[in-house]
Amino acid sequence: MKANKIITGLALVGAIAFTATGCAGGGGGAAGGGGDGVITVGFAQTGSESGWRSANTESMKEAFSEANGFNLIFNAADNKPEAQIAAVRSFINQGVDAIVLAPIVTDGWDDVLKEAKDANIPVILEDRTVSASEDLYASWIGLDFTKEGETAGTWVAENFGSTPTNMVVLEGTTGSSAATDRASGFDSAIEGTDIKVLDSQTGNFTRAEGKTVMEGFLQKYGSQINLLFAHNDDMGLGALEAIKAAGLTPGTDIKIVTIDAVKDGMTALSKGEFNYIVECNPLLGEKTAEVVKKVVAGESVDKSYIVEDQAFDQEQAKKVLDSRPY
Ligand code: AHR
């Protein structure tokens, strides 16, 4: 059965709209957490690759605080899938009440998620998705990455699609749902336009790799490049340094479109060094904590909660920059 409804979740700063779909049982976890009422949660974070990730970690730590009734065991896997699987396995061995997982990559989760299920420990996904069967996790709280890519691609198609335009792409971590879905949404939106993809490579969502890969693009294609689509702000910011070092003007000689809308990205957009940003809201902590509490208490929850994202051009960025919480 599918049900669609909008829930307004009051985040610690600002309001977030969630679209919730489907219904799921509690996932068979320990009812009510430990005897003292404290819920022990193991959180397997991807790493600390970007400004978005820092804001997401902060939001999760605030929501899963002792004051809110949680004992949080935090692990950041430095973007190594095998280290993240080991962290989840260690949470199972420690007998936590629930596991929250922000999966680095989509594939490879079946075995460890089955182990969690066999141990009667519910798993709640946060941020990215997995390809494993839906029975193996209780709920997912995240973003519509395909729509983010589509929104970026639609803006690009409207602004550059009828003039021959050479584009390079900085992709996020290979195999992550954030990179795969953003690419497919973007590609479908620019289909049939005059935009040509000169090159597309991963920059692993980091500023440093974004810079290095852009340096390579500039060496190879020079001033042929008119447009950059970066799967996140940080890679765009790294590329911006490479573009300036090459004597070109970011936002003018090379138009830049990114995703995330973190403070540094929005600052670049306000200055005209970026041209368009699609938001990816990192403030998922409060909703995730609410879902975890329900699942541990054996209450039913929806199978997915999707955060609604906005998008900004330069003028819109200038207006909201000072009030942005991250
Ligand atoms: O999964 C969300 C993505 O992961 C963000 O866009 C990126 O900045 C982060 O590292």
Side-chain angles (χ1 to χ4, degrees), residues 16 43-60 75-81 83-84 100-107 109 124-131 140-153 169-186 202-211 213 228-240 256-269 274 276-285 287-288 304-312 324-326:
I16 300 178
F43 174 36
Q45 178 61 292
T46 60
S48 53
E49 69 278 5
S50 64
W52 188 98
R53 192 59 57 191
S54 306
N56 177 251
T57 294
E58 204 178 307
S59 165
M60 295 291 282
N75 181 278
D78 198 20
N79 282 293
K80 296 187 171 70
Q84 198 175 37
V100 177
L101 168 63
I104 298 164
V105 289
T106 310
D107 294 339
W109 289 103
I124 290 86
L125 303 180
E126 185 255 6
D127 168 27
R128 301 180 190 168
T129 50
V130 294
S131 57
W140 164 65
I141 299 95
L143 304 310
D144 187 341
F145 297 131
T146 308
K147 194 169 160 199
E148 290 172 354
E150 253 167 36
T151 307
V169 180
L170 288 169
E171 302 161 19
T173 303
T174 306
S176 68
S177 60
T180 309
D181 296 351
R182 283 173 186 168
S184 81
F186 187 91
T202 185
N204 275 316
F205 284 128
T206 70
R207 210 174 279 213
E209 285 185 66
K211 183 176 179 208
V213 177
L228 163 68
F229 170 44
H231 284 188
N232 80 343
D233 284 351
D234 278 83
M235 292 189 294
L237 290 160
L240 193 146
I256 303 178
V257 175
T258 68
I259 296 179
D260 273 357
V262 295
K263 206 74 159 191
D264 288 354
M266 291 293 273
T267 304
L269 180 58
F274 280 3
Y276 193 65
I277 303 183
V278 179
E279 184 184 48
C280 178
N281 198 320
L283 305 179
L284 307 178
K287 187 73 197 171
T288 308
S304 65
Y305 297 88
I306 299 175
V307 177
E308 300 288 326
D309 292 314
Q310 306 174 60
F312 307 92
R324 296 287 293 168
Y326 53 89

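What you see is a predicted model; the values in this text were computed from it and never measured. All ligand and atom numbering here is 1-based and tracks the order in the structure. Counting from 1, the numbers follow the sequence of the chain as shown.
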Practice task
Check whether the ring centres of Y276 and F312 lie less than 6.0 Å apart, and answer yes or no.
Solution key: no
Fill in the blank from the handout: Lining ligand 1 at under 4.0 Å, by non-hydrogen atom distance, are residues E49, S50, W52, R53, D127, R128, F145, A178, R182, F205, N232, D260
Practice task
Ignoring hydrogens and angles, state whether a donor on the side chain of D78 or Q84 is under 3.5 Å from an acceptor on the partner side chain.
Solution key: no
Handout entry: Residues that R128 engages under salt bridge (Lys or Arg N to Asp or Glu O under 4.0 Å), provided they are two or more places apart
Key = E49
Problem - Worked verdict on D264 versus R207 for salt bridge (charged side-chain N to carboxylate O under 4.0 Å, His left out) - result: CA-CA 11 Å; D264 288 354; R207 210 174 279 213; 2.9 Å; yes
Practice task
Decide if atom NZ of K147 counts as having more than 12 heavy atoms of other residues, nucleotides or ligands within a radius under 6.0 Å.
Solution key: no
Practice task
Consider only side-chain N and O atoms of T46 and R53, and report whether a donor and an acceptor are under 3.5 Å apart.
Solution key: yes
